[in-house]
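Comments concern the structure below.
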Amino acid sequence: MQFKHPELLYALLLLLIPIIVHLFQLRKFQKVDFTNVAFLKEATLQTRKSSQIKKWLILLTRLLLLAALVIAFAQPFTSKSNSFKTEKETIIYLDNSFSMQAKGNQGELLKRAVQDIIANVPENQNISIITNDGVFKNTTLKAIKNDLLKLNYSSNGLSPEAVLLKSKTLFNNKSNTLKNIILISDFQEDKSSFKVESDPLINLNLVNLNPLNSNNISIDSIYISETNPSSIELKVTLKNSGIPIENLPVSLYNDDNLIAKTSVAIEQGAETIFSLPVDQIINGKITIDDSNLQFDNTLYFNINKASKINILAINGQDDSFLKRIYPKTEFNYNASPVNQLNYNLIDVQHLIILNELNSIPIALVSALKQFTDQGGSIIVMPSKAINMASYNQLLANYNGGFNDVMTSEKRITTINYSHPLYNNGVFEKQVKNFQYPKVNSFYNIASSGLSSVLQFEDEKIFLGQKKNAYIFTAALNQDNSNFKNSPLIVPTFYNIAKQSFKIPVLYYTIGKENTFDVETKMQQDAVLSLENGTINRIPKQQYFNNKVVVKTLEEPSFSGTYLIKNKNETIKNVSYNYNRNESKLTYRNLSSIENVTVSDSITKVFDTIKSDTKVNALWKWFAIFALALLIIEMLILKFFK
């Protein structure tokens with residue numbers, strides 16, 4: 001038992017007053033003579049005995065009465081913790097990821113969770129609420145009630161570890177506080193681990209919301225499987241995490257116009273193909289009808305007017321192999337000898353190839369430096385007999401330089417599979433035993449800051465990269481190397497060109513780092529924007545002479561097809577879709593997690609927190625006890641003879 005005003009307990013010293021009054025009587029008995037002495041002696045003994053009992057009873061009741069009154073004014077209470085004057089802090093994480101669209105016993109998990117929070121948290125209690133895309137810090141439920149009721153699903157996902165770290169930063173630095181963290185989620189399984197370290201200062205409560213079923217069908221991906229002169233075949237991949245479906249309608253729209261429809265039978269997965277005309281702009285979307293999760297029932301894509309990559313080869317050797325690698329359907333390939341080069345063509349190129357020049361003119365070195373500074377890419381292929389000084393003038397711009405020539409035969413044996421040129425599906429697996437290409441001579445290169453793409457057997461660089469410059473250390477003509485006959489030749493040169501100008505793909509995924517190039521001319525201080533109806537976003541971008549490099553991550557945050565606009569001019573379209581990671585409804589096993597309290601009800605968690613900090617006031621009972629003692633004293637005085 002604790003007291004709100006323990007200083008009043010000093011008043012218990014007043015209990016000495018009735019003790020003094022009863023123990024020190026001022027009145028004395030007077031002797032009276034009677035003839036029947038024996039009778040009077042017996043009456044005196046009985047009277048004195050009953051009087052003493054009555055006095056002790058009155059003394060006891062008065063002592064208890066006074067003690068009860070003093071204790072009542074000190075306001076006693078009981079509690080599970082010393083929390084009467086302790087400040088309480090509550091942090092609530094409300095998972096509003098797409099998997100919370102699943103339906104529980106009382107509707108969608110997120111909507112039900114919001115209602116339970118509103119029902120269980122006092123309107124004026126100070127709380128902080130975290131969602132996947134927002135924070136309400138040190139506020140009251142009354143202030144944010146409307147925001148919670150309007151809370152939308154978010155494509156951003158937070159791992160449990162990230163939620164805990166974020167929650168702890170919201171606590172104040174006071175030591176004498178009761179800290180509670182409540183995580184409300186379906187705890188969908190992901191790649192992250194969930195281990196909770198013991199912290200005696202924080203009570204961690206997990207509210208595990210379970211859907212009624214884990215059935216869900218999603219449009220996983222789409223891609224162009226085949227292209228011919230008249231049509232494009234678009235393959236759609238679907239996944240099912242529930243019961244098999246015999247007839248699932250799949251629809252294809254161009255803007256809001258239905259242009260094709262089919263149906264598929266699906267167990268765990270299925271594919272279907274749509275045919276689209278060539279050279280037609282398509283702002284498409286694929287839709288299915290699934291009553292469970294809604295976010296993955298639509299997948300947006302777009303096919304823009306074909307853009308070609310501009311390539312200029314400055315030749316000192318035959319370029320027939322380059323013409324075969326860069327077909328006219330995808331590339332604007334031009335070639336020129338160095339002595340006939342039109343320097344005005346350089347600014348409009350995306351990739352420039354130095355094809356085994358013996359010497360690089362100073363004017364070309366300056367032009368190429370400016371070209372790469374403005375975002376252009378170059379490929380440097382030396383000849384067998386170079387003017388090393390002229391080459392090193394160029395390579396100095398990329399922290400490189402040729403040293404001496406080595407005339408020993410070397411095999412090209414090491415491929416950097418993680419390099420962007422090769423990590424996009426070029427190899428199904430790492431190849432260890434293919435016929436290695438070789439060179440008869442090569443140049444040693446100073447490799448400061450130069451990342452290796454291909455290496456010789458002694459780990460010296462054959463192809464290195466520095467930002468947007470790709471440098472070979474050996475001539476590729478037939479007399480010096482058989483690299484042109486190697487399977488590596490096509491993906492290497494093709495992907496270098498593709499990365500020199502990143503044409504927007506069918507669609508991008510929100511939450512991943514996406515980069516694409518837009519070919520346009522812009523005025524100073526002008527910016528590109530992404531627009532979709534009322535949504536207008538300005539992405540991170542960098543302007544060069546002939547293109548704008550656009551980078552997106554979490555914005556735009558809504559799926560759809562967006563217009564890329566330069567002021568009022570629409571340049572092209574780009575599509576964004578939500579990540580499909582949450583489409584598979586599998587969940588964590590929380591029973592093995594230590595140092596947490598797990599519940600399946602928000603109401604139960606808040607009831608537990610309230611009971612842990614509940615204060616039971618006892619002063620009323622002591623007041624009633626004092627009143628009862630007063631009545632007892634009156635009865636003793638009146639009826640005790």
Working for side chain to side chain donor-acceptor pair (under 3.5 Å), residues Asp319 and Tyr333: CA-CA 11 Å; Asp319 67 341; Tyr333 178 81; 2.8 Å; yes

Pick out which of Thr520, Asn304, Leu528 makes a side chain to side chain contact (heavy atoms under 4.5 Å, CB included) with Ile564. Leu528

Can you confirm whether Asp289 is buried at CG, in the sense that more than 12 heavy atoms of other residues, nucleotides or ligands lie under 6.0 Å from that atom? no

Is it the case that over 12 heavy atoms from other parts of the model lie below 6.0 angstrom from the CG atom of Asp256? no

Counting distance only, does the side-chain N/O of Gln499 pair as donor-acceptor with the main-chain N or O of Pro420 below 3.5 Å? yes

Any chance the side chains of Thr298 and Thr287 put a donor and an acceptor closer than 3.5 Å? no

Distance-only side-chain donor-acceptor flag, Asn96 / Ser154, under 3.5 Å: no

Any ion pair linking Lys584 and Glu189 (charged N to carboxylate O, less than 4.0 Å)? no

CD (Glu271) with more than 12 external heavy atoms under 6.0 Å: yes

Hey, is the main chain of Ile314 close enough, under 3.5 Å, to the side chain of Asn355 for a donor-acceptor pair? no

With a 3.5 Å distance limit and no angle check, can you tell me whether Tyr326 reaches the backbone of Phe493 through a side-chain donor-acceptor pair? yes

Angle class for the Tyr578/Phe98 ring planes (parallel below 30°, perpendicular above 60°, tilted otherwise)? tilted

Between Asn495 (side chain only) and Leu421 (backbone N and O only), is there a donor and an acceptor less than 3.5 Å apart? yes

Tell me if a side-chain donor or acceptor on Asn579 pairs with a main-chain N or O of Thr509 at a distance below 3.5 Å. no

Tested for ring-ring contact (aromatic ring centres under 6.0 Å, His included) against Phe483, the lone hit among Phe442, Phe456, Phe462, Phe321 is Phe462

Say whether, by atom type as modelled, one donor and one acceptor occur between the side chain of Asn482 and the main chain of Lys438 under 3.5 angstrom. yes

With distance as the sole test, does Asn216 use its side chain to make a donor-acceptor pair with the main-chain N or O of Asn292 at under 3.5 Å? no

Quick check on side chain to side chain contact (heavy atoms under 4.5 Å, CB included): which of Leu351, Leu354, Thr492 does Ile379 satisfy it with? Leu351

